[in-house]
Amino acid sequence: MLEFMPLILFAAICIVLMFGFPVALSLAGTALLFAGMGLGLEAVGIDANFDSGYLAALPNRLYGIMTNQTLLAVPLFVLMGVLLEKSKVAETLLDAMALLFGSMRGGLGISVTLVGMLMAASTGIVGATVVTMGLMSLPTMLKRGYSTSLATGTICATGTLGQIIPPSIALVLLGDVLSSAYQQAQLDMGIFSPKTVSVGDLFMGALVPGLILVVMYMIYVGLVAFFRPSMAPAADREELMAELGHTSGLGILLLKGLVPPVVLIVAVLGSILSGFATPTEASAVGAFGALVLALAYRQLDWATLKEVLRSTTHVTTMVFLILIGAALFSLVFRAYGGEHMVTELFEGMPGGVVGATIIVMLVIFLLGFILDFIEITFVVVPIVGPILLAMGLDPIWLGIMIAINLQTSFLTPPFGFALFYLRGVAPPSVPTSAIYRGVVPFILMQLGMLLLLTFFPQLATWLPTQF
């Protein structure tokens, strides 16, 4: 029984989380409980296979979290996203794109996909994108005769692009964890001058797969509109302009709604891809640019600023508290010999590295039903990452596969987070079954993207080698 303590610890964490306790406190509290159990058993002479020396590393771990320059990008990217949301940049952008494409069949669906992509690149937070797009675009799509399942499926799918379209909070956190895992894997292999992988590398690796997904979404909406016009009818531009309440011309609306956020995103991503700035420095540029846009749109007063700072502080403290709890969990898991257990399990698995990768992806997919990407990134990836990377996997490819896997998990009924977010803001007339039906084609497209990456890993690994 005692030799299975690492697995019992992991199972206990999942059970506690399913009861709805705060994630950070669940991780830290359960880990401390098991650490105390191990120390207590050792004190009465029972060999619990618990190495208490690992607990001595906790202060260094916490200090490392506090001094990690990469993680400074988290509050700044969150601030950028919240500012863009509160300044109604996304609302103006959606109106402009709807007027541009709305007069063609499927045009509103294509507009939602494009705006969702830009929103994902701006906020990097799935919940914020799904809720914002649901509130702004769902009523218009339904009023214009769009199929309920197509409208809700498109909104949910484009909302989850925040997982993969850089600059994404998920990629920032995943890049930091994978960097540590990659260095540990190389040290385990006897390489004492390890290579590094940066958040910028992960951003570049995610760009091509993310854009392919966007194109796949738009092609699907276009095909539905072509073969079943009643599901995605065209809208009259004049009626749409009157309904949206815009008196200015389309050109002015596009200039006002499209150019500023695109320029901001290009400035942030371009500075990273060109090597001119690190992700942390680029996040500061993004936050400052979002502040300027909010002022230019005259949407930033004292009350709004306080709300923006409160939201940013809330998300940031949640992330860092979970990171601290995950660090303690990781140490206790290793103190019980969990790392060696997982290594032996993977090495004895049929299919070698292929079998191990499939099992890990399946576990991460299932955990995505009950855990957010932050918990999975901080808890699961540090355990399995070094082992898979030591078996020869490319860290950038592995990171993109995990990100798209989680994106798919968040979209899959009945527990997908994106479905819950949209259900919370959708009108009562929209049945939950319609939302579930609507996301199925998009889930298949994302699974297809995972297969493409499996057979053509260059889709993720080629671009980082060009810079």
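Along the sequence shown, residues carry numbers from 1. Computed from heavy atoms alone, side chains included, the values below leave out hydrogens, waters and symmetry copies.
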Nearest non-hydrogen partners of [X] and [Y], listed with the distance:
| X | Y | answer |
| --- | --- | --- |
| Ala28 | Leu328 | O-CD2, 3.6 Å |
| Ala326 | Val379 | CB-CG2, 4.0 Å |
| Thr377 | Pro382 | O-CD, 3.1 Å |
| Leu83 | Ala287 | CD1-O, 3.8 Å |
| Pro441 | Tyr220 | CG-OH, 3.2 Å |
| Leu174 | Val381 | CD1-CG2, 4.0 Å |

Check Leu32, Leu9, Ile324 against Phe329 for a side-chain contact (heavy atoms from CB on, under 4.5 Å) and give me the one that passes.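 Output: one option passes, namely Leu9.
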Ring centres under 6.0 angstrom apart (Tyr217, Phe442):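 Ring centroids of Tyr217 and Phe442 are less than 6.0 Å from each other.
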Please test Asn405 against Thr408 for side-chain hydrogen bond (donor to acceptor under 3.5 Å, both in side chains), starting from the C-alpha separation and ending with a verdict. CA-CA 5 Å; Asn405 189 7; Thr408 308; 5.5 Å; no
Hey, could you give me the CZ/CG distance between Phe203 and Asp201, rounded to the nearest 0.5 Å?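 Here the interatomic distance stands at 11.0 Å.
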To the nearest 0.5 angstrom, please state how far the CG atom of Leu389 sits from the OH atom of Tyr182.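 Interatomic distance, Leu389 CG to Tyr182 OH, rounded to 0.5 Å: 7.5 Å.
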Within the supplied structure, the quantity of interest is the number of heavy atoms (other residues, nucleotides, ligands) at a distance under 6.0 Å from Tyr297 OH; does it exceed 12?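 Yes, because the 6.0 Å sphere around OH of Tyr297 holds more than 12 heavy atoms from other groups.
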Would you check if Ile402 and Met361 make a side-chain contact, meaning some heavy-atom pair closer than 4.5 Å?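 Yes. Closest side-chain heavy atoms under 4.5 Å.
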Could you tell me how the ring of Phe34 sits relative to the ring of Tyr336: parallel (under 30°), tilted (30 to 60°) or perpendicular (over 60°)?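 Rings of Phe34 and Tyr336: perpendicular, over 60°.
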Classify the side-chain pair Thr304/Asp301 by whether it contains a donor and acceptor separated by less than 3.5 Å.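 Per modelled atom types, Thr304 and Asp301 side chains form a pair under 3.5 Å.
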Are a donor atom and an acceptor atom from the side chains of Asp176 and Ser179 found within less than 3.5 Å of each other?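 Checked: Asp176/Ser179 side chains show no N/O donor-acceptor pair below 3.5 Å.
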